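Since the model is a prediction, treat every value here as computed from it, not as a measurement. Heavy atoms only: backbone and side chains are in, while hydrogens, waters and symmetry mates are out.
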Amino acid sequence: AEFVQVVESLIADYQHFIEMNGGHLVLWNDGPSPTFKREKTAQLLFHAMMKRYCADNDIDVTPEAETGSGPIDFKFSRGHTFRVYVELKRSGNTALTHGLVDQLPAYIAAERAGVGFFVVLKEKSEHDDRINAVRDRVQEVRERTGFDLRKGLGPFVLQTSVGTDS
């Protein structure tokens, strides 16, 4: 449980940086009509923020770890016993619901990890319906799989907007 809380805390730190410390600026292309950068940019930023802490605390953080069912965005582990998966998706990603309902559970099942976080990077307020649709499926996925799908599936919706959009 403590290891899962460490990963949850790291995600919360990422969320704080994005929402409160100007980290959202890294995720957007400049210009009169800013556009959200590729999902990979958010993943690279996440990895960069995790790397030092994880190294100092004997935690392996592996980006794009192959699970046998495809690559999970991040695998946090300490030996074989403690493994937590993190999947990041932009709210505009057409596979947003698929990421929660199919992808993350398949990765967890393939590795028998048992714990996963689903982190949504909210791009626009117009995506609220999509985000709420994902939130509405969390309990269903928990019941269907028996996996410990943590609060990242609900509250870890990061506000990444610029300007007046929220």
Side-chain angles (χ1 to χ4, degrees), residues 1-27 39-91 93 95-123 131-160:
E2 182 180 318
F3 184 72
V4 174
Q5 291 171 339
V6 167
V7 175
E8 185 173 27
S9 176
L10 290 169
I11 296 168
D13 288 347
Y14 179 67
Q15 180 176 17
H16 183 83
F17 177 71
I18 297 297
E19 294 180 353
M20 306 302 289
N21 297 132
H24 67 281
L25 298 172
V26 176
L27 303 177
E39 207 166 80
K40 188 70 174 171
T41 302
Q43 293 168 349
L44 288 168
L45 179 61
F46 183 80
H47 189 224
M49 289 182 66
M50 304 300 120
K51 228 175 153 165
R52 173 55 37 212
Y53 177 88
C54 289
D56 289 348
N57 290 281
D58 194 31
I59 297 171
D60 179 44
V61 57
T62 306
E64 298 297 326
E66 183 54 54
T67 66
S69 292
I72 183 75
D73 288 340
F74 293 94
K75 175 178 137 181
F76 289 83
S77 62
R78 185 177 283 151
H80 186 73
T81 306
F82 301 107
R83 290 172 292 154
V84 175
Y85 285 179
V86 177
E87 184 72 16
L88 277 78
K89 288 272 189 250
R90 292 173 42 191
S91 60
N93 188 320
L96 184 64
T97 301
H98 171 71
L100 167 72
V101 174
D102 300 311
Q103 271 185 303
L104 185 57
Y107 300 151
I108 292 170
E111 292 287 308
R112 297 183 183 160
V115 179
F117 289 91
F118 192 73
V119 179
V120 178
L121 302 156
K122 181 180 176 181
E123 299 169 62
I131 293 167
N132 289 332
V134 167
R135 281 188 175 127
D136 291 345
R137 304 285 302 269
V138 173
Q139 190 58 35
E140 167 201 327
V141 174
R142 282 184 181 130
E143 290 171 4
R144 177 175 51 89
T145 64
F147 295 140
D148 188 357
L149 302 175
R150 290 294 175 121
K151 92 180 210 184
L153 292 167
F156 278 125
V157 175
L158 282 57
Q159 303 294 327
T160 64

Distance, nearest 0.5 Å, that separates CG of Leu100 from CZ of Arg135: 12.0 Å

Test ring-ring contact (aromatic ring centres under 6.0 Å, His included) applied to Phe46 - qualifying residues, sequence neighbours left out: Tyr14, Phe74

Chi angles and distances behind the side-chain contact (heavy atoms from CB on, under 4.5 Å) call for Asp13, Tyr53: CA-CA 11 Å; Asp13 288 347; Tyr53 177 88; over 6 Å; no

OG-CD distance between Ser91 and Glu123, expressed to the nearest 0.5 angstrom: 4.0 Å

Qualifying residues under salt bridge (Lys or Arg N to Asp or Glu O under 4.0 Å), relative to Arg137, sequence neighbours excluded: Glu140

Side chain to side chain, Phe17 and Leu45, heavy atoms closer than 4.5 Å: yes

Sidechain-backbone polar pair: Arg83 side chain, Lys75 backbone, donor-acceptor under 3.5 Å: no

side-chain contact (heavy atoms from CB on, under 4.5 Å) between Ile11 and Val119, worked out: CA-CA 8 Å; Ile11 296 168; Val119 179; 3.9 Å; yes

Heavy-atom closest contact (Val61 atom, His47 atom, distance): O-NE2, 3.9 Å

Nearest atoms (heavy-atom pairs only) where Leu96 meets Val134: CG-CG2, 3.6 Å

Exercise: identify the closest heavy-atom pair between Gln43 and Leu88: NE2-O, 4.1 Å

Distance-minimising heavy-atom pair for Gly99 and Pro105: O-CD, 4.3 Å

Residue pair Val141 / Arg144, side-chain heavy-atom distance below 4.5 Å: yes

Phe118 backbone acceptor or donor facing Glu87 side chain under 3.5 Å: no

Atom pair CD1/CD of Ile18 and Gln15 - distance to nearest 0.5 Å: 9.5 Å

Residues Phe82, Ile59; criterion side-chain contact (heavy atoms from CB on, under 4.5 Å); working and verdict: CA-CA 9 Å; Phe82 301 107; Ile59 297 171; over 6 Å; no

For Ala95 against Lys89, the heavy-atom pair lying closest together: O-CE, 3.9 Å

Main-chain N/O of Leu27 paired with Thr41 side-chain donor or acceptor, under 3.5 Å: no

Note, Leu104 side chain near Ile72 side chain (heavy atom, < 4.5 Å): yes

Atom pair CD/CD of Glu111 and Glu66 - distance to nearest 0.5 Å: 8.5 Å

Lys40 side chain near Glu64 side chain, heavy-atom distance below 4.5 Å: yes

4.5 Å side-chain heavy-atom contact, Val7 and Val86: yes

Distance-minimising heavy-atom pair for Leu10 and Cys54: CD1-SG, 4.1 Å

Any donor-acceptor pair under 3.5 Å from Arg78 side chain to Asn57 backbone: yes

Pairwise distance OG1(Thr97) to CD1(Ile131) - rounded to 0.5 angstrom: 10.5 Å

Between Tyr107 and Gln103: side-chain donor-acceptor atoms closer than 3.5 Å: yes

